[in-house]
**Q** 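Could you have a look at this structure, given as structure tokens, before my questions?
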Amino acid sequence: MADSGFFREVWDIVARVPAGKVVSYGQIAARLGSPRAARTVGWAMATAPRRLGLPCHRVVTSSGRLVPGWETQRDELEAEGVTFKSNGCVDMAKHQWDGKRVGKAGRGPANRLKAKAGAGMRGS
DNA sequence: ATACTGACTGTGC
DNA sequence: CGCACAGCCAGTA
């Protein structure tokens, strides 16, 4: 894989996400070795050719929020058995794809991940 | 080769 | 609790 690079891997991972599960952009990026490349991952989805049949509706943000401007996405996930919270967010704590690594569920605000403190230190 | 964009993320206030 | 700012990676123009 990786014949083309990052994108190919992103699509590959997304295509491997089982129904009823969701994965966050950051999780995919981290899987590729670049936890900060979440944007690139989202971009890969945005430019992902539909002919690939990518279940982009299974990709959500770290907050469990669905893609902004997407109305059918929630319906698609529900059809797969994904449950939602009252606020309209996916119950990622329950459906976030383990990514073949069980025990990693809840990597984000939901878990108060305080890794690397100098991550977004805006000190310009 | 350079610049810009893009469906994110984590902190800061 | 909500809004804003800055950093990151890769592909297209």
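Excluded from the calculations below are hydrogen atoms, water molecules and symmetry mates; all remaining heavy atoms, backbone and side chain alike, are included. Here is the naming used below: chain letters follow the sequence lines, and residue numbers restart at 1 for every chain.
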**Q** What residues form a side chain to side chain donor-acceptor pair (under 3.5 Å) with A:S86, not counting sequence neighbours?
**A**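 Partners of A:S86 by the side chain to side chain donor-acceptor pair (under 3.5 Å) criterion come out as none, since no residue qualifies.
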**Q** Check side chain to side chain donor-acceptor pair (under 3.5 Å) between A:T47 and all other residues, then give those that pass, not counting sequence neighbours.
**A**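 Residues passing side chain to side chain donor-acceptor pair (under 3.5 Å) with A:T47: none at all.
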**Q** Give me the distances for all protein-to-nucleotides 6-8 of chain B N/O pairs that come in under 3.5 Å?
**A**
residue, atom, partner, partner atom, Å
B:dG6, N7, A:R39, NH2, 3.1
B:dA7, N6, A:M45, O, 3.1
B:dA7, N3, A:Y25, OH, 2.9
B:dC8, N4, A:R39, NH1, 3.4

**Q** Report the distance from atom CZ of A:R8 to atom C1' of C:dC9, rounded to the nearest whole Å.
**A**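 In whole Å, C:dC9 C1' lies 19 Å from A:R8 CZ.
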**Q** Within the 3.5 Å criterion, strictly below it, is a donor on A:T72 or A:H57 matched to an acceptor on the partner's side chain?
**A** no
**Q** List in chain and number order the residues that pass salt bridge (charged side-chain N to carboxylate O under 4.0 Å, His left out) with A:R74, two or more places apart in sequence or in another chain; answer none if no residue qualifies.
**A** A:E78
**Q** With salt bridge (Lys or Arg N to Asp or Glu O under 4.0 Å) as the rule and sequence neighbours excluded, what pairs involving residues 39-49 of chain A come up?
**A**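 Listed once each, the pairs would be none.
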**Q** Taking only residues two or more places apart in sequence or in another chain, which ones pass salt bridge (charged side-chain N to carboxylate O under 4.0 Å, His left out) with A:E80?
**A** A:R58
**Q** So which pairs with a foot in residues 87-97 of chain A pass salt bridge (Lys or Arg N to Asp or Glu O under 4.0 Å), sequence neighbours left out?
**A**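 Residue pairs with at least one partner in residues 87-97 of chain A: there are none.
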**Q** Please give, in whole Å, the distance from B:dT9 P to A:R65 CZ?
**A** 12 Å
**Q** Scan residues 15-34 of chain A for pairs that pass ring pair (Phe, Tyr, Trp, His ring centres under 6.0 Å), counting only residues two or more places apart or in two chains.
**A**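 Residue pairs passing ring pair (Phe, Tyr, Trp, His ring centres under 6.0 Å), neighbours aside: none found.
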**Q** For a stem of at least 3 consecutive Watson-Crick or G-U pairs with distances under 3.5 Å, i pairing with j, i+1 with j-1 and so on, which stems involve DNA chain B?
**A** B:2-6 with C:9-13, B:8-13 with C:2-7
